[in-house]
Amino acid sequence: MATFEIKTKHCINVKGEYIDGGLAVQISSMFANPLDEKEKVYNAFMRVHGVDLKTEGYLNTGYLEYRAI
């Protein structure tokens, strides 16, 4: 199981709140692309930062990037 750092690529607007690029969380995943587990990524951002990226449609590679650590 690999550990990934997932962070925002650029500044985004989440329900009127601006989030800078580089806001990051860490998750572990069995997949090569951790963004395939959208619910896990959503839960990590909610738990760590209180940011709901799911309702705004930001849980994809257009807004997020990842790297194995």
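Keep in mind the model is a prediction, meaning the values are calculated, not measured.
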Practice task
Please step through side chain to side chain contact (heavy atoms under 4.5 Å, CB included) for the pair N60 and L35, ending with a clear verdict.
Solution key: CA-CA 7 Å; N60 59 54; L35 296 178; over 6 Å; no
Exercise for the section: Show the numbers, then the answer: is there a side chain to side chain contact (heavy atoms under 4.5 Å, CB included) between F4 and S29? Expected result: CA-CA 7 Å; F4 294 93; S29 176; 4.0 Å; yes
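The shortest side-chain heavy-atom distance between I12 and D20 does not fall under the 4.5 Å cut-off. Between I19 and C11 the shortest side-chain heavy-atom distance does not fall below 4.5 Å. You'll find the side chain of K15 reaches within 4.5 Å of the side chain of D52, heavy atoms only. You'll find the side chain of T3 stays beyond 4.5 Å of the side chain of I27, heavy atoms only. Considering only heavy atoms from C-beta on, K9 stays 4.5 Å or farther from L64 through its side chain.
The shortest non-hydrogen separation linking N13 to E56 is O-OE1, 4.2 Å.
Not a single side chain to side chain donor-acceptor pair (under 3.5 Å) links K7 to another residue, sequence neighbours left out.
Put simply, CG on L53 and CD1 on I6 are 10.5 Å apart, with the number rounded to the nearest 0.5 Å.
Checked options T8, T55, V51; the residue passing with V14 is V51 (criterion: side chain to side chain contact (heavy atoms under 4.5 Å, CB included)).
Within the structure, every pair that satisfies the salt bridge (charged side-chain N to carboxylate O under 4.0 Å, His left out) test and touches residues 32-44, not counting sequence neighbours, is listed here: E37-K40, E39-K54. For residues 34-60, the ring-ring contact (aromatic ring centres under 6.0 Å, His included) pairs, not counting sequence neighbours, are Y58-Y63.
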